[in-house]
Amino acid sequence: MSDSGAGRSYSQLVNADQWVRCAHQGTALLPDGTIELTWYDDRETTPGDPATVASRRDCRPGRIRGSLVFDDWCRAYRSHPGQGRVEVLPSGAGGQRRRTPAAPAATRADGGVRGHQPARGPLDYPAGLAVDCRHRLYIAETGADSVRVVDLGTDRLLRRVAIPGGHPVDVAPDCGRALVLVRAGKSGRLVVLAGRRGPRSGCELVHPCYPGRMTPWRLTVARDAGTPLGPLVLWRAPDDRAVVARPDGTVLRQLDGAVDLDLDPGGRLVVAFGPGLPIRDYLLDGDVLVEREPLLAPGFDGEAVAIAPNGRVAFTTAHGYAWTAGSAARHHPSGRVVTYRLDSHAYRTRWGRVFVGACLPPGASIGLRFLTTDADDVLDPIPATPPERGTVEISTPDATPPQAPAHLLEAAGQTEPHVPYRRPNGSELPWPRPGLDDRLETYELPVHAPPGRYLWIELLLSGTERVSPTVGPLRVERPGHPLLRALPKAWSRQEPAADFLQRLLAPTEGLLHELDQRAAERAALIDPQATPSPGWPPSPP
């Protein structure tokens with residue numbers, strides 16, 4: 001076996017905090033720390049768009065809107081405020097109304113359930129719905145200033161709770177209880193209901209720091225291992241402006257035109273806009289919403305959106321409800337990422353191989369260019385432009401290494417990018433755990449650059465409107481293999497010849513080096529005490 005890997009380590013970019021420090025152009029940073037081409041919606045919201053105009057007219061704060069929720073059996077409950085009823089659609093109904101005894105379609109005034117009735121129901125503008133973990137359905141009757149609590153197991157009305165001091169406009173499940181959004185004029189507050197107990201006063205909502213008169217519109221709550229991820233409140237203004245904020249007034253994001261939202265225990269937040277417009281998909285990370293690709297919602301009527309227990313996203317239609325139909329994103333055809341400076345800690349370092357975790361569907365590709373130097377100072381760095389979508393807050397921004405020199409980047413741009421090849425045997429890491437970045441293949445390429453202590457890598461992404469490459473962890477060997485020292489000096493005295501030999505021997509030496517690493521770690525396969533923990537393999541320094 002080869003012992004040429006002594007002292008070999010990696011420079012790497014493996015998480016969102018590292019990728020966001022790079023210089024981006026036409027790219028998006030996804031919540032899982034991967035990079036892809038940025039996108040625009042099939043139909044962006046514009047002031048003159050007919051759907052936007054209709055949405056603004058139909059979503060004025062004075063209008064009571066319906067809601068959509070699911071129980072643990074994936075039965076859908078949809079409220080029709082103007083018709084005074086709650087429609088129930090069974091699991092597997094495909095979003096269409098059906099007359100079956102097992103799938104009742106309207107809730108009676110006494111809490112029982114019966115078949116669909118086209119006439120106006122007995123409920124007084126049922127706006128918000130919620131189902132808690134104890135299978136109780138909460139119905140916020142805005143017109144009656146009350147909340148009905150129905151036991152779904154027995155189809156029996158448990159109680160009808162009067163809500164003083166305002167109008168209940170929405171309700172959200174909070175484990176074994178429910179939070180009611182009560183609106184009084186332009187202000188709002190939360191009221192706590194727990195089955196047969198309550199109501200109990202909750203917190204007063206702090207108006208978000210935005211100009212104009214905003215009204216609390218929708219409420220959503222989710223829990224993750226007992227830790228509340230909400231509540232989150234959607235505020236709307238008459239001029240179509242909207243924000244998502246916490247009860248203390250902390251604004252997470254401005255989402256003009258939003259009409260409804262839902263949050264799941266994993267922190268996924270979906271936001272609906274006007275009729276026919278895509279549904280926005282976000283991941284809640286503290287007080288930051290990281291955007292993902294929007295979802296197609298054909299036939300959406302502009303009423304409500306919900307995340308079902310099976311993880312799928314549903315939205316209301318004229319005939320009931322339907323599921324989202326894939327991504328609505330149209331990607332830019334190209335983009336690039338230029339890494340910050342990678343340091344080998346030794347001058348005249350001849351860098352080794354680059355390993356990139358990537359997903360390249362048909363029509364997508366990536367290319368790489370390399371810049372090296374031994375100069376400690378960068379006199380003309382390019383600006384550190386953030387991703388166009390998915391930017392996260394940088395921790396300790398002063399610790400970011402320098403960006404690439406503009407003159408070196410311009411010179412490298414005159415050459416063709418180098419295309420990596422897909423490794424048929426997977427990752428170069430010894431004994432990687434199954435399930436670790438399974439959707440990403442490992443691509444390999446030797447560094448095509450002269451020796452130098454510092455290295456910058458330019459990644460060029462190319463795709464189509466519907467297809468984008470996805471780039472994940474990037475690792476670079478430092479230094480490369482030392483086999484040139486074992487060959488006659490005459491073979492590597494000239495830099496072009498040395499560079500050629502370095503790259504020529506890299507695949508074979510790399511195979512031997514990987515076999516050495518596997519042999520060194522083989523105890524993980526036979527020693528129970530050395531079984532890898534969930535965090536194994538450890539990240540290289």
Side-chain angles (χ1 to χ4, degrees), residues 7-27 29 33 35 335-356 366-388 391-418 445-461 471 473-482 484-485 492-496 498-499 502-503 506 539-541:
R8 191 178 309 185
S9 60
Y10 291 96
S11 292
Q12 60 182 358
L13 290 87
V14 296
N15 56 45
D17 183 73
Q18 292 174 318
W19 282 115
V20 79
R21 298 172 185 267
C22 302
H24 295 257
Q25 180 180 333
T27 60
L29 177 61
I35 300 292
R336 76 171 187 178
V337 182
V338 183
T339 69
Y340 52 78
R341 188 174 71 181
L342 306 177
D343 189 356
S344 67
H345 304 289
Y347 295 99
R348 300 292 298 168
T349 293
R350 196 176 293 277
W351 294 77
R353 298 171 295 168
V354 178
F355 303 97
V356 182
I366 59 173
L368 291 85
R369 294 194 183 107
F370 306 94
L371 317 175
T372 54
T373 182
D374 278 322
D376 294 322
D377 297 327
V378 179
L379 302 180
D380 56 341
I382 63 174
T385 52
E388 294 188 14
T391 300
V392 298
E393 184 178 356
I394 299 178
S395 60
T396 61
D398 294 341
T400 302
Q403 300 297 323
H407 70 283
L408 291 182
L409 189 62
E410 181 179 358
Q414 307 301 320
T415 62
E416 289 293 325
H418 304 283
L445 179 71
V447 172
H448 290 253
R453 172 175 175 173
Y454 304 111
L455 170 70
W456 292 267
I457 302 177
E458 180 185 20
L459 292 96
L460 303 174
L461 285 66
V471 177
L474 182 148
R475 300 175 294 276
V476 191
E477 288 181 331
R478 59 177 192 191
H481 66 80
L484 291 184
R485 295 199 296 265
S492 58
R493 185 170 292 116
Q494 301 297 324
E495 180 56 36
D499 181 66
Q502 181 77 15
R503 291 185 283 107
S539 298

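All figures in this text were calculated on a predicted structure; none of them were measured in a lab.
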Step-by-step side chain to side chain contact (heavy atoms under 4.5 Å, CB included) determination, Leu474 to Leu459: CA-CA 10 Å; Leu474 182 148; Leu459 292 96; 3.9 Å; yes

Please lay out, stage by stage, how Trp351 and Phe370 fare under the test side chain to side chain contact (heavy atoms under 4.5 Å, CB included). CA-CA 10 Å; Trp351 294 77; Phe370 306 94; over 6 Å; no

Verdict with reasoning, Ser11 to Leu455, per side chain to side chain contact (heavy atoms under 4.5 Å, CB included): CA-CA 10 Å; Ser11 292; Leu455 170 70; over 6 Å; no

Hey, mind stepping through Val378 and Trp456 against side chain to side chain contact (heavy atoms under 4.5 Å, CB included) and telling me if it holds? CA-CA 12 Å; Val378 179; Trp456 292 267; 3.9 Å; yes

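With sequence neighbours excluded, the residues forming a salt bridge (charged side-chain N to carboxylate O under 4.0 Å, His left out) with Arg336 are Glu458, listed by chain and number. Residues meeting the side chain to side chain contact (heavy atoms under 4.5 Å, CB included) test with Leu408, sequence neighbours left out: Leu371, Thr373, Pro405. Pro451 meets the side chain to side chain contact (heavy atoms under 4.5 Å, CB included) test with Arg348, Arg350, Glu495; sequence neighbours excluded. Asp343 is linked by a side chain to side chain contact (heavy atoms under 4.5 Å, CB included) to His345, Arg453, Tyr454, counting only residues two or more places apart in sequence or in another chain. Under the side-chain hydrogen bond (donor to acceptor under 3.5 Å, both in side chains) criterion, Thr339 pairs with no residue at all, not counting sequence neighbours.
Residue Asp376 places its CG atom among more than 12 non-hydrogen atoms of other residues, nucleotides or ligands, all under 6.0 Å distant.
Looking at heavy atoms from C-beta onward, Glu477 lies out of side-chain contact with Ser344 at the 4.5 angstrom threshold. The closest side-chain heavy-atom distance from Leu368 to Val354 is below 4.5 Å.
Applying the side chain to side chain donor-acceptor pair (under 3.5 Å) test to pairs two or more places apart or on separate chains, those with a residue in residues 402-416 are Asp380-His407.
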